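Basis for what follows: all heavy atoms, side chains included, without hydrogens, waters or symmetry-related copies. Here the structure is a predicted model, which is why all the values come from computation and not from measurement. Counting begins at 1 with the first residue of the sequence.
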Amino acid sequence: YKTVLPWWKSKDFKRVVEKDEKYAVAGYRFVRGHFGYGFRHEIPGKPIYITILRNGAERCISVYGHWQNVYKQRAEKGKNFSHPIFKAGESLNSFVKDKERSEVFNNRMAYMLSVDADRRAEAKKQFGSNILDSFPKEIDLSRYRKIPIKNHYELALKHLDEFAFVGIQHYFQESLLLLAALFNWRPMMTEKRYMVHKNRLDAKDLDEKTLREIEKLNEYDQRIVDYAEKKFKSQYLDLIEKKLGKKLAWKDFLKDREKINDQLFEQLMKDHKKHLWMRPPHKALYAIINERKNRLRVSREFSQRKKLGG
């Protein structure tokens, strides 16, 4: 976990923002968090993007429920809390009808995948020397909302095609196995769901009219998910054929889903062990190691110059 950077919590993140010390993240190999395509401006080098997409309406409902639970938790602890979009105790139906606020929240995946903004540069223009007091939450990128959502949708698909991996939330186990196969990582089988609130609001808890309205408002997000899901299914079926020698249609896979996933997991685990212990050294591996050493060296030299006032 020392090579994983939780971007929004790190002191290294503040160094990058305040002083443009991008080598502050030189020792990390993986950056995780909620950020958009434009995040590439905030780190050195070209990033390899991976993501997991979720049903458009379910994402909206889940985030609404999350902030309502935050209000409850803060109230139980006697702490004040205010969110710029969500009001305490407000029904989802009421929120959806408030077009001014709900518009900011709908089709978030389309905006996050399409907007290629350098947030640090934007923040510096708006806040100057007080950049750390407001970055990254208060940056005004509202002008992007004036661009037609169809344009955002089309650009989001183009950017999504650049991603090394795109998983699907409702095929989470399959997403983990495909991710492991693509990167030669140790495969995982998971049954436990993390970060799920016990009072979680679900789509089935809503009346039909409210659910249809949310689906309509998040139409372009769902189109993105549908586009990604089609490609995901094709990739997963190709993986099954390659590893297990079974040529299946998706409906046939679903009939024996658990058994096939178990078989695929076992095969990927064998391949992973072979990859770790039997693969001969490769020039690319040494190149990666040497590049990381050089980045760390530059970072140390930069820090030393700062201490000396140079």
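- Residues Val166 and Phe232 form no side-chain contact, since every pair of their non-hydrogen atoms from C-beta on lies 4.5 Å or further apart.
- Side-chain atoms of Ser114 do not come within 3.5 Å of backbone N or O of Leu155 as any donor-acceptor pair.
- Under the 4.5 Å side-chain heavy-atom criterion for Ile, Leu, Val, Met, Phe, Trp and Tyr, Leu177 and Leu237 are members of the same hydrophobic cluster.
- Taken to the nearest 0.5 Å, the OG1 atom of Thr51 stands 9.5 Å off from the CD1 atom of Ile168.
- Looking at residues two or more places apart in sequence or on another chain, you find a ring-ring contact (aromatic ring centres under 6.0 Å, His included) between Tyr153 and Tyr220.
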Go through Asp161 and Lys231 one step at a time and tell me if the side-chain contact (heavy atoms from CB on, under 4.5 Å) criterion holds. CA-CA 10 Å; Asp161 285 337; Lys231 294 183 68 174; 3.0 Å; yes

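- Classification of Asp221 and Arg108 as a salt-bridged pair fails, no side-chain N sitting under 4.0 Å from a carboxylate O.
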Could you please spell out the steps behind the side-chain contact (heavy atoms from CB on, under 4.5 Å) verdict for Leu211 and Ile61? CA-CA 9 Å; Leu211 181 58; Ile61 296 166; 4.1 Å; yes

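- Using a 4.5 Å heavy-atom cutoff, the side chains of Leu217 and Ile214 are not in contact.
- Under a hydrophobic clustering in which Ile, Leu, Val, Met, Phe, Trp and Tyr are joined whenever their side-chain heavy atoms come within less than 4.5 Å, directly or via other members, Met112 and Ile50 fall into different clusters.
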Tell me, with the steps shown, if Asn80 and Arg74 meet side-chain contact (heavy atoms from CB on, under 4.5 Å). CA-CA 7 Å; Asn80 293 324; Arg74 297 294 175 89; over 6 Å; no

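- When all heavy atoms are compared, the tightest approach of Ala180 to Pro187 is CB-CA, 3.7 Å.
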Where do Asp252 and Lys246 land on the salt bridge (Lys or Arg N to Asp or Glu O under 4.0 Å) test, with the steps shown first? CA-CA 11 Å; Asp252 297 323; Lys246 298 180 179 180; over 6 Å; no

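- For Phe172, the side chain to side chain contact (heavy atoms under 4.5 Å, CB included) criterion is met by Ile52, Leu176, Thr190, not counting sequence neighbours.
- In this structure, the side chains of Val115 and Ile147 stay at 4.5 Å or more apart for every pair of heavy atoms.
- Ile240 CD1 to Lys242 NZ: the interatomic distance, rounded to the nearest 0.5 Å, is 13.5 Å.
- The existence of a salt bridge linking Arg40 and Asp116 is confirmed by a sub-4.0 Å separation between a basic side-chain nitrogen and an acidic carboxylate oxygen.
- A salt bridge links Arg223 and Glu219; the closest N-O separation between the charged side-chain nitrogens and carboxylate oxygens is under 4.0 Å.
- Considering only heavy atoms from C-beta on, His152 stays 4.5 Å or farther from Asn107 through its side chain.
- With sequence neighbours excluded, the residues forming a ring-ring contact (aromatic ring centres under 6.0 Å, His included) with Phe81 are Trp67, Tyr71, listed by chain and number.
- The CD atom of Gln267 sits 13.5 Å away from atom NE2 of His272, with the distance rounded to the nearest 0.5 Å.
- Ion pairing of Glu229 with Lys233 is present here, as a side-chain N (NZ or NE/NH1/NH2) and a carboxylate O approach within less than 4.0 Å.
- For the atom pair Lys77 NZ and Gln73 CD, the distance stands at 6.5 Å (nearest 0.5 Å).
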Trace of the side-chain contact (heavy atoms from CB on, under 4.5 Å) decision for Leu179 with Ser175: CA-CA 6 Å; Leu179 183 62; Ser175 296; over 6 Å; no

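- Taking the side chain as every heavy atom from C-beta outward, Leu113 and Phe163 approach each other to under 4.5 Å.
- Asp226 meets the salt bridge (Lys or Arg N to Asp or Glu O under 4.0 Å) test with no other residue; sequence neighbours excluded.
- You'll find the ring centres of Tyr236 and Tyr171 outside the 6.0 Å limit.
- Scanning both residues, Ala110 and Ile224, for their nearest heavy atoms gives CA-CD1, 3.6 Å.
- In this structure, Arg59 forms a cation-pi arrangement with Phe105, its terminal cationic atom sitting closer than 6.0 Å to the ring centre and no more than 45° off the ring axis.
- Not one N or O on the side chain of Asn106 forms a donor-acceptor pair closer than 3.5 Å with the backbone of Asn218.
- With sequence neighbours excluded, the residues that form a side chain to side chain contact (heavy atoms under 4.5 Å, CB included) with Asn55 are Ala57, Glu58, Gln222.
- Residues passing the ring-ring contact (aromatic ring centres under 6.0 Å, His included) test with Tyr37 are Tyr49, His159, sequence neighbours excluded.
- Below 30°, between 30° and 60°, or above 60°: for Phe253 and Trp250 the angle between ring planes is between 30° and 60°, a tilted geometry.
- Enclosure of atom CD1 in Ile48 is not indicated, since only 12 or fewer non-hydrogen atoms of other residues, nucleotides or ligands lie within 6.0 angstrom.
- Distance check: Asn261 CG to Leu264 CG gives 6.5 Å after rounding to the nearest 0.5 Å.
- Taking OH from Tyr64 and CZ from Phe86, the interatomic distance works out to 8.5 Å, rounded to the nearest 0.5 Å.
- Inter-residue side-chain proximity for Leu268 and Arg186 is flagged as unmet; no heavy-atom pair is nearer than 4.5 Å.
- Side chain of Asn69 to main chain of Gly65: a donor-acceptor pair is present (N/O by atom type, distance under 3.5 Å, no hydrogens or angles).
- In this structure, the side chains of Lys150 and Glu154 come closer than 4.5 Å at one or more pairs of heavy atoms.
- In this structure, the side chains of Arg257 and Glu174 come closer than 4.5 Å at one or more pairs of heavy atoms.
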